[in-house]
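Each ligand, and each atom within it, is numbered from 1 in the order the structure gives.
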Amino acid sequence: MAIERVGIVGAGQMGNGIAHVFAVAGYDVLMTDISADALAAAVALIDRNLNRQVSKDAITAETKAAAMARIATTQELSDLGQTDLIIEAATEREEIKTAIFAELQPHLKPTTILTSNTSSISITRLASRTDRPEKFMGFHFMNPVPIMQLVELIRGIATDEDTFNACYDVVEKLGKTSATAEDFPAFIVNRILMPMINEAIYTLYEGVGSVKSIDTSLKLGANHPMGPLELADFIGLDTCLAIMNVLHDGLADTKYRPCPLLTKYVEAGWLGRKTKRGFYDYRGETPVPTR
Ligand SMILES: CC(=O)CC(=O)SCCNC(=O)CCNC(=O)[C@H](O)C(C)(C)COP(=O)(O)OP(=O)(O)OC[C@H]1O[C@@H](n2cnc3c(N)ncnc32)[C@H](O)[C@@H]1OP(=O)(O)O
Ligand SMILES: NC(=O)C1=CN([C@@H]2O[C@H](COP(=O)(O)OP(=O)(O)OC[C@H]3O[C@@H](n4cnc5c(N)ncnc54)[C@H](OP(=O)(O)O)[C@@H]3O)[C@@H](O)[C@H]2O)C=CC1
(Lines give C-alpha, C1' and ligand atoms only; values in the text may rest on other atoms or scores of the structure.)
(Ligands and ions follow the chains in the order given, each with its own letter.)
Protein backbone atom coordinates (compact mmCIF):
# COMPACT_ATOMS: atom_id res chain seq x y z
CA MET A 1 0.00 0.00 0.00
CA ALA A 2 1.39 3.43 -0.98
CA ILE A 3 2.10 5.71 1.95
CA GLU A 4 1.79 9.39 1.08
CA ARG A 5 0.08 11.09 4.00
CA VAL A 6 1.49 10.73 7.47
CA GLY A 7 -0.16 11.74 10.75
CA ILE A 8 1.98 12.55 13.79
CA VAL A 9 0.43 12.70 17.26
CA GLY A 10 2.38 14.76 19.81
CA ALA A 11 4.42 17.80 18.80
CA GLY A 12 7.13 17.57 21.47
CA GLN A 13 10.81 17.06 20.78
CA MET A 14 10.28 13.76 18.96
CA GLY A 15 7.12 14.78 17.08
CA ASN A 16 8.75 17.85 15.57
CA GLY A 17 11.83 15.89 14.48
CA ILE A 18 9.67 13.15 12.94
CA ALA A 19 7.59 15.73 11.04
CA HIS A 20 10.84 17.33 9.83
CA VAL A 21 12.32 14.15 8.32
CA PHE A 22 9.04 12.98 6.72
CA ALA A 23 8.46 16.40 5.11
CA VAL A 24 12.01 16.52 3.71
CA ALA A 25 11.50 13.01 2.29
CA GLY A 26 8.39 14.18 0.39
CA TYR A 27 5.53 12.98 2.59
CA ASP A 28 2.55 15.19 3.44
CA VAL A 29 2.55 15.58 7.20
CA LEU A 30 -0.33 16.41 9.52
CA MET A 31 0.86 16.97 13.09
CA THR A 32 -1.48 17.13 16.07
CA ASP A 33 -1.09 17.93 19.78
CA ILE A 34 -3.41 18.82 22.64
CA SER A 35 -1.51 22.07 23.02
CA ALA A 36 -1.71 24.83 20.37
CA ASP A 37 1.49 26.29 21.86
CA ALA A 38 3.32 22.97 21.36
CA LEU A 39 2.22 22.91 17.70
CA ALA A 40 3.39 26.49 17.09
CA ALA A 41 6.70 25.83 18.86
CA ALA A 42 7.23 22.63 16.84
CA VAL A 43 6.71 24.41 13.49
CA ALA A 44 9.09 27.22 14.56
CA LEU A 45 11.71 24.66 15.61
CA ILE A 46 11.41 22.70 12.36
CA ASP A 47 11.90 25.96 10.47
CA ARG A 48 15.05 26.69 12.53
CA ASN A 49 16.47 23.20 12.12
CA LEU A 50 15.81 23.25 8.34
CA ASN A 51 17.57 26.64 8.12
CA ARG A 52 20.55 25.10 9.89
CA GLN A 53 20.62 22.35 7.26
CA VAL A 54 20.37 24.93 4.44
CA SER A 55 23.24 26.97 5.90
CA LYS A 56 25.37 23.81 6.00
CA ASP A 57 24.42 22.89 2.39
CA ALA A 58 22.83 19.67 3.61
CA ILE A 59 19.62 20.67 1.79
CA THR A 60 18.71 23.48 -0.64
CA ALA A 61 16.47 26.45 0.15
CA GLU A 62 13.91 24.98 -2.30
CA THR A 63 13.88 21.66 -0.41
CA LYS A 64 13.33 23.56 2.83
CA ALA A 65 10.45 25.60 1.36
CA ALA A 66 8.83 22.47 -0.08
CA ALA A 67 9.21 20.63 3.24
CA MET A 68 7.62 23.47 5.22
CA ALA A 69 4.74 23.59 2.72
CA ARG A 70 4.06 19.87 3.33
CA ILE A 71 3.56 20.31 7.09
CA ALA A 72 0.09 21.12 8.42
CA THR A 73 -1.12 21.13 12.04
CA THR A 74 -4.42 20.48 13.77
CA GLN A 75 -5.67 20.05 17.33
CA GLU A 76 -8.37 17.61 16.16
CA LEU A 77 -7.35 13.95 16.13
CA SER A 78 -10.28 13.26 13.77
CA ASP A 79 -8.50 15.30 11.06
CA LEU A 80 -5.97 12.45 10.77
CA GLY A 81 -8.68 10.23 9.23
CA GLN A 82 -7.29 10.31 5.68
CA THR A 83 -3.67 9.59 6.55
CA ASP A 84 -1.99 6.33 5.46
CA LEU A 85 0.41 6.00 8.38
CA ILE A 86 0.14 7.38 11.90
CA ILE A 87 3.09 7.75 14.26
CA GLU A 88 2.06 8.41 17.84
CA ALA A 89 4.76 10.41 19.67
CA ALA A 90 2.89 11.69 22.72
CA THR A 91 4.09 11.53 26.33
CA GLU A 92 5.49 8.14 27.47
CA ARG A 93 2.40 7.10 29.44
CA GLU A 94 0.43 4.05 28.41
CA GLU A 95 -2.97 5.49 29.34
CA ILE A 96 -2.33 8.56 27.14
CA LYS A 97 -1.32 6.42 24.18
CA THR A 98 -4.24 4.02 24.59
CA ALA A 99 -6.71 6.92 24.78
CA ILE A 100 -5.22 8.48 21.63
CA PHE A 101 -5.60 5.25 19.63
CA ALA A 102 -9.17 4.77 20.91
CA GLU A 103 -10.12 8.31 19.86
CA LEU A 104 -8.43 7.99 16.45
CA GLN A 105 -9.87 4.60 15.52
CA PRO A 106 -13.40 5.52 14.35
CA HIS A 107 -12.00 8.11 11.92
CA LEU A 108 -9.37 5.93 10.22
CA LYS A 109 -9.42 4.24 6.83
CA PRO A 110 -9.30 0.44 7.24
CA THR A 111 -5.88 0.41 5.55
CA THR A 112 -4.20 2.99 7.80
CA ILE A 113 -1.13 1.68 9.64
CA LEU A 114 -0.92 2.68 13.30
CA THR A 115 2.49 2.96 14.95
CA SER A 116 3.95 4.22 18.20
CA ASN A 117 7.28 5.92 18.80
CA THR A 118 7.19 4.58 22.38
CA SER A 119 10.60 4.10 24.01
CA SER A 120 9.57 1.09 26.03
CA ILE A 121 5.87 0.20 26.23
CA SER A 122 4.60 -3.17 24.95
CA ILE A 123 3.60 -2.89 21.29
CA THR A 124 1.53 -6.05 21.62
CA ARG A 125 -0.50 -4.58 24.50
CA LEU A 126 -1.02 -1.20 22.75
CA ALA A 127 -2.03 -3.05 19.56
CA SER A 128 -4.45 -5.37 21.34
CA ARG A 129 -6.55 -2.40 22.40
CA THR A 130 -7.06 -1.22 18.80
CA ASP A 131 -9.26 -2.57 16.00
CA ARG A 132 -6.16 -3.48 13.92
CA PRO A 133 -3.43 -5.31 15.85
CA GLU A 134 -2.14 -6.75 12.55
CA LYS A 135 -1.63 -3.20 11.21
CA PHE A 136 0.09 -1.93 14.34
CA MET A 137 3.81 -1.77 15.19
CA GLY A 138 6.58 0.12 16.95
CA PHE A 139 8.34 2.82 14.89
CA HIS A 140 11.05 4.10 17.23
CA PHE A 141 13.13 7.10 16.18
CA MET A 142 16.19 8.34 18.11
CA ASN A 143 16.73 11.86 19.37
CA PRO A 144 17.63 14.23 17.64
CA VAL A 145 15.60 12.70 14.80
CA PRO A 146 17.09 14.70 11.89
CA ILE A 147 20.60 13.56 12.90
CA MET A 148 20.31 10.03 14.28
CA GLN A 149 20.50 7.31 11.66
CA LEU A 150 18.60 4.53 13.44
CA VAL A 151 14.92 3.61 13.53
CA GLU A 152 14.01 0.55 15.63
CA LEU A 153 11.14 -1.42 14.09
CA ILE A 154 9.19 -3.54 16.57
CA ARG A 155 6.60 -6.12 15.59
CA GLY A 156 3.79 -6.85 18.00
CA ILE A 157 2.73 -10.49 18.24
CA ALA A 158 0.02 -9.90 15.61
CA THR A 159 1.81 -7.50 13.23
CA ASP A 160 1.52 -8.81 9.66
CA GLU A 161 4.29 -8.89 7.06
CA ASP A 162 2.70 -6.24 4.80
CA THR A 163 2.68 -3.78 7.69
CA PHE A 164 6.28 -4.54 8.63
CA ASN A 165 7.43 -4.27 5.00
CA ALA A 166 5.58 -0.97 4.48
CA CYS A 167 7.29 0.53 7.55
CA TYR A 168 10.65 -0.90 6.52
CA ASP A 169 10.30 0.79 3.09
CA VAL A 170 9.37 4.10 4.74
CA VAL A 171 12.58 4.02 6.81
CA GLU A 172 14.56 3.45 3.60
CA LYS A 173 12.80 6.36 1.91
CA LEU A 174 13.68 8.57 4.89
CA GLY A 175 17.34 7.67 4.23
CA LYS A 176 17.66 6.04 7.65
CA THR A 177 18.63 2.52 8.75
CA SER A 178 16.29 0.17 10.59
CA ALA A 179 17.08 -2.45 13.20
CA THR A 180 14.41 -4.98 14.07
CA ALA A 181 13.69 -5.63 17.74
CA GLU A 182 11.42 -8.17 19.38
CA ASP A 183 8.64 -6.78 21.55
CA PHE A 184 10.12 -6.98 25.07
CA PRO A 185 10.36 -4.06 27.53
CA ALA A 186 12.34 -1.11 26.08
CA PHE A 187 13.33 -3.16 22.98
CA ILE A 188 17.10 -2.93 22.17
CA VAL A 189 18.41 0.64 22.42
CA ASN A 190 16.77 1.57 25.72
CA ARG A 191 17.23 -1.91 27.24
CA ILE A 192 20.95 -1.20 27.05
CA LEU A 193 21.19 2.61 27.19
CA MET A 194 18.76 3.38 30.02
CA PRO A 195 20.30 1.10 32.69
CA MET A 196 23.60 2.85 31.94
CA ILE A 197 21.99 6.26 32.47
CA ASN A 198 20.27 4.97 35.64
CA GLU A 199 23.64 3.66 36.89
CA ALA A 200 25.19 7.09 36.25
CA ILE A 201 22.43 8.60 38.42
CA TYR A 202 23.17 6.01 41.18
CA THR A 203 26.85 6.98 40.88
CA LEU A 204 25.82 10.58 41.55
CA TYR A 205 23.33 9.58 44.29
CA GLU A 206 25.97 7.55 46.14
CA GLY A 207 28.49 10.42 45.93
CA VAL A 208 30.98 8.54 43.80
CA GLY A 209 31.26 11.53 41.49
CA SER A 210 29.76 14.94 40.75
CA VAL A 211 27.63 15.66 37.67
CA LYS A 212 30.68 17.14 36.00
CA SER A 213 33.06 14.29 36.86
CA ILE A 214 30.56 11.62 35.76
CA ASP A 215 29.88 13.28 32.41
CA THR A 216 33.55 14.10 31.79
CA SER A 217 34.50 10.50 32.59
CA LEU A 218 32.16 9.00 30.00
CA LYS A 219 32.83 11.65 27.37
CA LEU A 220 36.61 11.52 27.58
CA GLY A 221 36.99 8.01 28.98
CA ALA A 222 34.58 6.17 26.71
CA ASN A 223 34.25 8.64 23.81
CA HIS A 224 30.50 9.14 24.29
CA PRO A 225 29.30 12.31 22.46
CA MET A 226 27.38 13.36 25.59
CA GLY A 227 27.87 12.38 29.23
CA PRO A 228 25.05 10.13 30.61
CA LEU A 229 23.57 12.89 32.80
CA GLU A 230 23.68 15.40 29.94
CA LEU A 231 22.01 12.77 27.76
CA ALA A 232 19.35 12.08 30.42
CA ASP A 233 18.53 15.82 30.47
CA PHE A 234 18.41 15.77 26.66
CA ILE A 235 16.02 12.80 26.54
CA GLY A 236 13.85 14.14 29.39
CA LEU A 237 14.00 12.81 32.96
CA ASP A 238 10.27 11.96 32.92
CA THR A 239 10.86 9.78 29.87
CA CYS A 240 13.95 8.16 31.49
CA LEU A 241 11.94 7.34 34.63
CA ALA A 242 9.02 6.00 32.59
CA ILE A 243 11.38 3.69 30.68
CA MET A 244 13.05 2.42 33.89
CA ASN A 245 9.62 1.71 35.37
CA VAL A 246 8.63 -0.31 32.29
CA LEU A 247 11.89 -2.30 32.53
CA HIS A 248 11.46 -2.83 36.29
CA ASP A 249 7.79 -3.84 36.06
CA GLY A 250 8.14 -5.84 32.84
CA LEU A 251 11.28 -7.82 33.68
CA ALA A 252 10.74 -8.01 37.46
CA ASP A 253 14.45 -7.72 38.20
CA THR A 254 15.85 -5.33 40.83
CA LYS A 255 18.74 -4.45 38.53
CA TYR A 256 16.27 -2.14 36.75
CA ARG A 257 15.20 -0.30 39.96
CA PRO A 258 14.92 3.42 39.07
CA CYS A 259 17.34 5.51 41.14
CA PRO A 260 15.44 7.45 43.86
CA LEU A 261 17.34 10.58 42.80
CA LEU A 262 15.83 10.29 39.31
CA THR A 263 12.39 10.03 40.89
CA LYS A 264 13.11 13.10 43.02
CA TYR A 265 14.12 15.23 40.02
CA VAL A 266 10.93 14.21 38.20
CA GLU A 267 8.83 14.96 41.29
CA ALA A 268 10.42 18.43 41.39
CA GLY A 269 9.42 18.99 37.76
CA TRP A 270 13.12 19.20 36.87
CA LEU A 271 12.77 17.22 33.67
CA GLY A 272 15.98 18.34 31.92
CA ARG A 273 16.38 20.64 28.94
CA LYS A 274 12.66 20.86 28.21
CA THR A 275 11.96 22.49 31.60
CA LYS A 276 15.36 24.26 31.69
CA ARG A 277 16.47 22.35 34.79
CA GLY A 278 17.60 18.80 35.42
CA PHE A 279 21.08 17.54 36.25
CA TYR A 280 22.10 20.89 34.74
CA ASP A 281 20.48 24.31 35.02
CA TYR A 282 19.96 25.68 31.50
CA ARG A 283 18.54 29.08 32.47
CA GLY A 284 21.81 30.95 32.01
CA GLU A 285 24.24 31.22 29.09
CA THR A 286 25.97 27.90 29.79
CA PRO A 287 24.56 24.82 31.58
CA VAL A 288 25.52 24.70 35.29
CA PRO A 289 25.48 21.35 37.18
CA THR A 290 22.77 21.20 39.86
CA ARG A 291 24.95 18.87 42.03
C1 LIG B 1 15.13 7.71 24.68
C2 LIG B 1 14.88 6.94 23.46
O3 LIG B 1 13.80 6.35 23.34
C4 LIG B 1 15.89 6.71 22.39
C5 LIG B 1 16.91 7.79 22.18
O6 LIG B 1 16.73 8.67 21.39
S7 LIG B 1 18.26 7.69 23.14
C8 LIG B 1 19.20 9.10 22.70
C9 LIG B 1 19.97 8.86 21.44
N10 LIG B 1 20.74 10.05 21.13
C11 LIG B 1 22.00 10.21 21.53
O12 LIG B 1 22.58 9.33 22.15
C13 LIG B 1 22.60 11.53 21.19
C14 LIG B 1 24.00 11.67 21.72
N15 LIG B 1 24.53 12.97 21.32
C16 LIG B 1 25.05 13.21 20.08
O17 LIG B 1 25.09 12.33 19.23
C18 LIG B 1 25.55 14.60 19.81
O19 LIG B 1 25.85 15.22 21.05
C20 LIG B 1 24.53 15.49 19.02
C21 LIG B 1 24.39 14.93 17.60
C22 LIG B 1 23.17 15.58 19.68
C23 LIG B 1 25.09 16.90 18.94
O24 LIG B 1 26.37 16.85 18.44
P25 LIG B 1 27.46 17.98 18.76
O26 LIG B 1 28.65 17.65 17.96
O27 LIG B 1 27.58 18.17 20.21
O28 LIG B 1 26.77 19.28 18.34
P29 LIG B 1 26.76 20.02 16.98
O30 LIG B 1 28.09 19.99 16.27
O31 LIG B 1 26.19 21.34 17.33
O32 LIG B 1 25.72 19.18 16.17
C33 LIG B 1 26.05 18.06 15.33
C34 LIG B 1 24.98 17.99 14.30
O35 LIG B 1 23.71 17.77 14.94
C36 LIG B 1 22.80 18.81 14.58
N37 LIG B 1 21.93 18.98 15.74
C38 LIG B 1 22.33 19.15 17.01
N39 LIG B 1 21.25 19.17 17.81
C40 LIG B 1 20.17 19.04 17.03
C41 LIG B 1 18.78 19.00 17.29
N42 LIG B 1 18.28 19.04 18.53
N43 LIG B 1 17.93 18.85 16.24
C44 LIG B 1 18.42 18.77 14.99
N45 LIG B 1 19.73 18.78 14.70
C46 LIG B 1 20.59 18.92 15.70
C47 LIG B 1 23.68 19.97 14.22
O48 LIG B 1 23.05 20.85 13.32
C49 LIG B 1 24.85 19.29 13.55
O50 LIG B 1 24.54 18.96 12.20
P51 LIG B 1 25.70 18.65 11.10
O52 LIG B 1 26.39 17.38 11.54
O53 LIG B 1 24.91 18.48 9.84
O54 LIG B 1 26.61 19.81 11.10
N1 LIG C 1 12.94 12.13 24.31
C2 LIG C 1 13.59 11.19 23.65
O3 LIG C 1 14.83 11.21 23.56
C4 LIG C 1 12.83 10.11 22.98
C5 LIG C 1 11.49 9.90 23.22
N6 LIG C 1 10.82 8.90 22.58
C7 LIG C 1 9.40 8.68 22.83
O8 LIG C 1 8.66 9.61 22.06
C9 LIG C 1 7.46 9.97 22.74
C10 LIG C 1 7.43 11.48 22.93
O11 LIG C 1 8.57 11.87 23.68
P12 LIG C 1 9.10 13.38 23.65
O13 LIG C 1 8.83 14.01 22.35
O14 LIG C 1 10.46 13.36 24.21
O15 LIG C 1 8.12 14.01 24.76
P16 LIG C 1 7.70 15.54 24.96
O17 LIG C 1 7.32 15.67 26.39
O18 LIG C 1 8.74 16.45 24.39
O19 LIG C 1 6.42 15.68 24.01
C20 LIG C 1 5.23 14.97 24.18
C21 LIG C 1 4.14 15.81 23.55
O22 LIG C 1 2.94 15.03 23.55
C23 LIG C 1 1.90 15.90 23.95
N24 LIG C 1 0.74 15.16 24.40
C25 LIG C 1 0.45 14.69 25.65
N26 LIG C 1 -0.74 14.09 25.64
C27 LIG C 1 -1.22 14.17 24.36
C28 LIG C 1 -2.41 13.75 23.73
N29 LIG C 1 -3.37 13.11 24.40
N30 LIG C 1 -2.57 14.02 22.41
C31 LIG C 1 -1.61 14.65 21.72
N32 LIG C 1 -0.45 15.10 22.25
C33 LIG C 1 -0.27 14.84 23.56
C34 LIG C 1 2.55 16.75 25.03
O35 LIG C 1 1.76 17.89 25.31
P36 LIG C 1 1.89 18.58 26.77
O37 LIG C 1 3.33 19.04 26.87
O38 LIG C 1 0.91 19.70 26.70
O39 LIG C 1 1.56 17.50 27.76
C40 LIG C 1 3.87 17.08 24.34
O41 LIG C 1 3.74 18.19 23.46
C42 LIG C 1 7.46 9.18 24.05
O43 LIG C 1 6.75 7.98 23.86
C44 LIG C 1 8.96 8.91 24.26
O45 LIG C 1 9.19 7.77 25.07
C46 LIG C 1 11.42 8.10 21.65
C47 LIG C 1 12.74 8.28 21.32
C48 LIG C 1 13.56 9.29 21.99
Which protein heavy atom lies closest to [atom], and at what distance to 0.1 Å?
| atom | result |
| --- | --- |
| atom 13 (O) of ligand 2 | M14 N, 2.9 Å |
| atom 19 (O) of ligand 2 | G12 CA, 3.2 Å |
| atom 34 (C) of ligand 2 | T91 OG1, 3.8 Å |
| atom 45 (O) of ligand 2 | S119 OG, 2.6 Å |
| atom 42 (C) of ligand 2 | A90 O, 3.2 Å |
| atom 31 (C) of ligand 2 | I34 N, 3.6 Å |
| atom 3 (O) of ligand 2 | N143 ND2, 3.0 Å |
| atom 23 (C) of ligand 2 | D33 OD2, 3.4 Å |
| atom 12 (O) of ligand 1 | L231 CD1, 3.7 Å |
| atom 50 (O) of ligand 1 | K56 NZ, 3.5 Å |

Quick check: does any side chain N or O of [X] sit under 3.5 Å from a backbone N or O of [Y], one acting as donor and the other as acceptor?
| X | Y | result |
| --- | --- | --- |
| T180 | L153 | no |
| T275 | L271 | yes |
| T254 | R257 | no |
| D183 | I123 | yes |
| K176 | M148 | yes |

For [atom], is some protein heavy-atom partner under 4.0 Å away?
| atom | value |
| --- | --- |
| atom 39 (N) of ligand 1 | yes |
| atom 20 (C) of ligand 1 | no |
| atom 30 (O) of ligand 1 | no |
| atom 52 (O) of ligand 1 | no |
| atom 37 (O) of ligand 2 | no |
| atom 24 (O) of ligand 1 | no |
| atom 35 (O) of ligand 1 | yes |
| atom 16 (C) of ligand 1 | yes |
| atom 7 (S) of ligand 1 | yes |

In terms of hydrophobic clustering (I, L, V, M, F, W, Y; side-chain heavy atoms under 4.5 Å; direct or indirect links), are [X] and [Y] co-clustered?
| X | Y | result |
| --- | --- | --- |
| I154 | V189 | no |
| Y256 | L237 | yes |
| F22 | M68 | yes |
| F164 | F187 | no |
| I235 | V246 | no |

What's the spacing between [X] [atom1] and [Y] [atom2] if we round to 0.5 Å?
| X | Y | atom1 | atom2 | answer |
| --- | --- | --- | --- | --- |
| E182 | T124 | CD | OG1 | 9.5 Å |
| T159 | E134 | OG1 | CD | 9.0 Å |
| N245 | R93 | CG | CZ | 12.0 Å |
| D131 | L114 | CG | CG | 7.5 Å |

So for ligand 2, is [X] a polar contact partner (N or O within less than 3.5 Å, distance only)?
| X | value |
| --- | --- |
| H140 | no |
| T32 | no |
| F141 | no |
| D238 | no |
| Q13 | yes |

Closer than 4.0 angstrom: is that true for some heavy atom of E88 and an atom of ligand 2?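 Distance cut 4.0 Å: E88 fails for ligand 2.
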
A89 touching ligand 2 at heavy-atom level, < 4.0 angstrom: yes

Which atoms of ligand 1 have any heavy atom of [X] under 4.0 Å away?
| X | value |
| --- | --- |
| L193 | 7 (S) |
| P225 | 14 (C), 15 (N), 16 (C), 17 (O), 18 (C), 19 (O) |
| I235 | 1 (C), 7 (S) |
| M142 | 4 (C), 5 (C), 6 (O) |

If I apply the N/O under 3.5 Å rule, does T239 come out as touching ligand 1?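 The answer is no, given that T239 and ligand 1 share no N or O pair closer than 3.5 Å.
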
Restricting to heavy atoms, the pick from M226, M148, R52 nearest atom 46 (C) of ligand 1 would be R52

Considering M142, E103, E92 one by one, which has a heavy atom nearer to atom 43 (O) of ligand 2 than any of the others? E92

Salt-bridge criterion met for K109 and D84 (N-O under 4.0 Å): yes

Any ion pair linking R155 and E161 (charged N to carboxylate O, less than 4.0 Å)?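 A salt bridge is present here (some side-chain N lies under 4.0 Å from a carboxylate O).
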
If the test is side-chain contact (heavy atoms from CB on, under 4.5 Å), which one of V211, T203, I197 qualifies with L229?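 The side-chain contact (heavy atoms from CB on, under 4.5 Å) with L229 is passed solely by V211 among V211, T203, I197.
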
Per-residue contact class, [X] against ligand 2 - non-hydrogen pairs under 4.0 Å:
| X | value |
| --- | --- |
| V9 | side chain |
| T239 | side chain |
| N117 | both |
| I100 | side chain |
| K274 | side chain |

Can you tell me how the ring of F136 sits relative to the ring of F101, calling it parallel under 30°, perpendicular over 60° and tilted otherwise? perpendicular

Are a donor atom and an acceptor atom from the side chains of E76 and H107 found within less than 3.5 Å of each other? no

Mark the output for N49 as yes if a heavy-atom distance to ligand 1 is under 4.0 Å, and as no if none is. yes

Does at least one non-hydrogen atom of Q13 fall below 4.0 angstrom from an atom of ligand 1? no

Is there a side-chain contact between V266 and T263 (heavy atoms, below 4.5 Å)? no

Validation row: M31, I18 side chains within 4.5 angstrom (heavy atoms): no

Name of the residue among T239, N117, T118 meeting side-chain hydrogen bond (donor to acceptor under 3.5 Å, both in side chains) with E92: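 Among T239, N117, T118, the one that satisfies the side-chain hydrogen bond (donor to acceptor under 3.5 Å, both in side chains) with E92 is T118.
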
